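Taking it in order: structure first as structure tokens, then the write-up.
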Amino acid sequence: MPTSQETIKEKIGNPFLVREKLEAAAKEGFTSLTEDDFFLAKWYGLYTHRHEPGFFMLRLKVPGGSLNSAQLKTIARIAAEENKDFADITTRQDIQLHWVSGEKAPAVLEELKGVGITTLGACGDVLRNLVGCPVAGVDKEEYLDASPVLKEAHQFFTGNPEFANLPRKYKVSIAACRDQCQQPEIHCVNFVGCQKLEGGAARPGFDLWLGGGLSTRPYFAQRANLFVPPERVVPVLKAVTEIYRDAPLYRETRSKARFKFLIADWGIEKFRGLLQEKLDFPLEENPSFEEIPDTYKDHVGVHEQKQPGLFYVGVPVLVGRITGNQMRKVADLAERHGDGTIRLTVRQNLLILNISKEKVGNVLEGCEGVGLSVSASPVLRGVLACTGIEFCKLAVTETKARAREIVRYLEARVRLEEPLRIHVTGCPNTCAQSPIAHIGLQGSKVKAGDQMIEAYDVALGGQLGKDRAFNRFIVRKIPAAEIAERLTQLLLGYKKLRRPGELFNDFCKRLGDEGCASLLSGQGSSG
Ligand code: SRM
Ligand code: SF4
């Protein structure tokens, strides 16, 4: 029995074809569209707002987070003149605009298309924005520059009718840095940079990881023990995607339709067998791949590129929200002092690339001048927040404003040496990737008198790399108004009780859940 969403998709065949209908409907402000049409509008990156009928969120696809200054200026113009003068950088290196009015949506889409930005397949049951390393091509240590492969995969899948109707959203990363900053542990399919050692020679390529995902039932991706050379990434990804697309079981229950469940049910060995059957070249084993420890990788600050004399500047953007003026300034700095190249990161930040040594100061000063200081505190650098109740129909709580408040509160009270990942997510869908945070805050509600008020469940100890672990819920339903103070108590306790050099997660493990809960309640830091 197909789900109702499957029936809607089947009715139209190729959901990308809904565009004509959307354009006609947009002329009268989308009033003729039905709920089914709005479901399909997601294939164009268009979502209705939680509170304001007639206004939309528009998700712009930015493959590998790679933008140029002309594109950022266009986004800034739209944000400033058509919307409410801001945009959000997302955890998949995209940009979301809110307050896009129904009438203006077609013109906005045309304008974006004019500068080479698509929204096609930014949402919907398709391959979502391809996540990559934001310093691909300039990173001194990378195994190879994965940008051409990522671009090829983006071009192959975007708008491709063969892949317009997958069982569910489908997330892929392709990156070849040594830090694995694309977080291959958490996406459905991942091409992870490596080198294969063969008779004393090292061949750069990718290790294939399958079946990661977060939300209410998180899974880490598993290594398939397969080496994929760059020229075979797209054929392998195509075959993997066909297997998922054509598995009927995963269309029966929407909540079980994600790729992670298929891998968990079938196992890697069975999947490898099916993959080999689809390919006309032999798959290669990858026995020499070594997992890396969890390193903090946010690209913030000034870094030397592999190109002699050139630098990139990583700019933290608090909770990913950036104003039209800030976007214009960043675009302008990138143009004047670099070559116009800008990259977005999965940590909701941005980078300006290709700056010569003598211009670095100008870029830092220019950013500072619009409130984008590069020398941010560890909590500001490490915070992520999803959209939350401001616009999101699934939200239980506020997120971005609350995260800002937490950052300011902590900055004034706790001095941390190293960055800390605090991820604030407004419901159990975990769009801010809360299960992998050092401190994950998940929106919930709690009874206060005869009212239900906003609260957060607090989870501690998430990490990536070879000792990967999802964080554990330690205390549930802390009233929202108390959360900043409770976190302050936890972190002051950490500072006081930690052993020399002890990292936050190791400290939490040593203290145990009860000890952490006691610190969170403000009672445990005296010893
Ligand atoms: Fe998400 C749904 C925002 C990354 C798991 N997500 C939504 C929607 C579209 C709400 C809706 O369906 O009505 C949110 C948009 C509200 C709005 O108005 O802005 C939304 N998700 C986001 C973003 C913008 C959060 C952010 O502030 O960065 C991220 C956009 C990424 C992008 O550019 O494509 C975003 N969402 C994620 C991630 C993290 C990731 O991809 O690395 C996850 C967890 C990883 C995963 O998918 O396993 C995630 N979003 C979900 C889910 C739960 C899916 C599931 O399998 O259970 C939903 C709900 C759904 O799909 O039914 C959801
Ligand atoms: Fe919305 Fe929940 Fe995702 Fe936050 S985690 S954007 S509240 S669906």
Side-chain angles (χ1 to χ4, degrees), residues 3 5 38-39 41-42 45-52 55-63 65 87-100 119 121-131 167-173 182-190 211-221 250 253-261 317 319-321 344-349 383-400 402-403 423-437 440-444 454 456 470:
T3 62
Q5 288 91 345
F38 282 128
F39 172 66
K42 296 178 183 180
L46 216 54
Y47 275 82
T48 48
H49 271 193
R50 180 186 180 105
H51 305 286
E52 304 84 5
F55 288 95
F56 294 86
M57 176 272 275
L58 184 61
R59 187 179 290 163
L60 322 184
K61 238 174 162 180
V62 187
D88 290 329
I89 302 171
T90 77
T91 49
R92 297 195 69 76
Q93 297 174 296
D94 281 328
I95 287 201
Q96 287 192 174
L97 292 167
H98 281 98
W99 294 106
V100 177
T119 64
C123 311
D125 295 341
V126 286
L127 191 148
R128 299 293 185 88
N129 192 44
L130 277 156
V131 165
R168 196 72 164 84
K169 55 169 73 164
Y170 178 62
K171 300 186 171 180
V172 177
S173 79
Q182 87 272 32
Q183 308 178 150
E185 295 88 346
I186 65 167
H187 311 289
C188 305
V189 180
N190 304 274
L214 298 179
S215 192
T216 44
R217 290 175 61 194
Y219 284 81
F220 283 124
Y250 295 89
T253 316
R254 217 165 151 73
S255 60
K256 268 223 77 181
R258 296 293 302 272
F259 186 70
K260 63 185 176 185
F261 295 119
V317 180
V319 296
R321 181 150 296 179
L344 309 177
T345 79
V346 294
R347 300 212 56 82
Q348 299 180 327
N349 294 329
V383 76
L384 287 185
C386 74
T387 304
I389 214 157
E390 188 182 9
F391 300 108
C392 177
K393 296 186 291 296
L394 308 177
V396 183
T397 60
E398 167 56 60
T399 48
K400 289 196 190 280
R402 185 67 64 189
H423 297 191
V424 185
T425 202
C427 81
N429 286 321
T430 74
C431 297
Q433 304 170 343
S434 47
I436 57 169
L441 302 182
Q442 181 176 300
S444 66
E454 289 198 359
Y456 292 93
F470 294 118

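All residue numbers refer to positions in the sequence shown, counting from 1. Here the structure is a predicted model, which is why all the values come from computation and not from measurement. Order of appearance sets the numbers: ligands from 1, and atoms from 1 within every ligand.
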Is there a side-chain contact between [X] and [Y] in this structure, where contact means two heavy atoms from C-beta onward sitting under 4.5 Å apart?
X	Y	value
Val317	Asn349	yes
Ile95	Asp88	no
Asn129	Pro63	yes
His98	Thr387	yes
Tyr170	Val189	yes
Cys123	Lys169	no

Would you tell me which option among Lys171, Glu390, Gln433 has the nearest heavy-atom contact to atom 38 (C) of ligand 1?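 The option holding the nearest heavy atom is Lys171.
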
Between Arg92, Gln5, Arg168, Arg321, flag the one that comes closest to atom 31 (C) of ligand 1 by a heavy atom.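 Nearest heavy atom to atom 31 (C) of ligand 1 lies in Arg92.
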
Heavy-atom contacts under 4.0 Å between [X] and ligand 1: side chain, backbone, both, or neither?
X	answer
Asn429	both
Lys260	neither
Ala385	backbone
Met57	side chain

Near [X], which atoms of ligand 1 are under 4.0 Å from a heavy atom of that residue?
X	answer
Gly213	48 (O)
Phe391	18 (O)
Lys169	2 (C), 5 (C), 50 (N), 51 (C), 52 (C), 54 (C), 58 (C), 60 (C), 61 (O), 63 (C)
Asp94	32 (C), 33 (O), 34 (O)

Does even one non-hydrogen atom of [X] get within less than 4.0 Å of ligand 1?
X	value
His98	yes
Thr430	yes
Leu394	yes
Arg59	yes

N/O donor-acceptor pair under 3.5 Å between His51 side chain and Ile389 backbone: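 Here the side-chain-to-backbone pair exists.
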
Give a yes or no on whether the backbone of Ala385 and the side-chain of Lys400 come within a donor-acceptor separation of less than 3.5 Å.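 Here the side-chain-to-backbone pair exists.
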
To which protein heavy atom is [atom] closest, and what is the distance rounded to 0.1 Å?
atom	answer
atom 48 (O) of ligand 1	Leu214 N, 2.8 Å
atom 14 (C) of ligand 1	Cys392 SG, 4.1 Å
atom 28 (O) of ligand 1	Thr91 N, 2.9 Å
atom 56 (O) of ligand 1	Arg258 NH1, 2.8 Å
atom 55 (C) of ligand 1	Ser215 OG, 3.4 Å
atom 26 (C) of ligand 1	Gln348 NE2, 3.6 Å
atom 24 (C) of ligand 1	Gln96 OE1, 3.0 Å
atom 25 (C) of ligand 1	Cys431 CB, 3.6 Å

Residues Asp125, Arg254: salt bridge by 4.0 Å N-O rule: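 Yes, Asp125 and Arg254 are salt-bridged.
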
Salt bridge between Glu390 and Arg402, side-chain N to carboxylate O under 4.0 Å?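 Not counted as a salt bridge, because no side-chain N and carboxylate O are separated by less than 4.0 Å.
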
Report the C-alpha distance between Tyr219 and Phe261 in whole Å, list the side-chain angles of each, state the deciding distance to 0.1 Å, and finish with yes or no for ring-ring contact (aromatic ring centres under 6.0 Å, His included). CA-CA 9 Å; Tyr219 284 81; Phe261 295 119; 5.8 Å; yes

State, to 0.1 Å, how close Val126 and Gly121 come at their nearest heavy-atom pair, and which atoms those are.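 Scanning both residues, the minimum pair turns out to be CG2-O, 3.5 Å.
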
Any chance the side chains of Arg347 and His423 put a donor and an acceptor closer than 3.5 Å?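 Yes - a donor-acceptor pair under 3.5 Å links their side chains.
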
Establish, from distance only, whether the side-chain atoms of Lys393 and Thr48 form a donor-acceptor pair under 3.5 Å.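 The answer is yes; a qualifying pair exists.
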
Gap between atom CG of Leu214 and atom OG of Ser434 - 0.5 Å precision: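 Reported to 0.5 Å precision, the distance equals 7.5 Å.
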
Sub-2.8 Å protein N, O or S atoms surrounding atom 4 (Fe) of ligand 2: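 Hits for atom 4 (Fe) of ligand 2 below 2.8 Å: Cys386 SG.
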
Mind checking side chain to side chain contact (heavy atoms under 4.5 Å, CB included) for Thr91 and listing every partner two or more places apart, or none if nothing turns up?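 With neighbours one apart ignored, the set is Gln348, Leu384, Gln433.
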
Based purely on interatomic distance, does Asn129 place a nitrogen or oxygen under 3.5 Å from a nitrogen or oxygen of ligand 1?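 No; every N/O pair is 3.5 Å or more apart.
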
Mind checking whether Trp99 and Phe391 have parallel, tilted or perpendicular rings, split at 30° and 60°?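 Trp99 and Phe391: perpendicular rings.
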
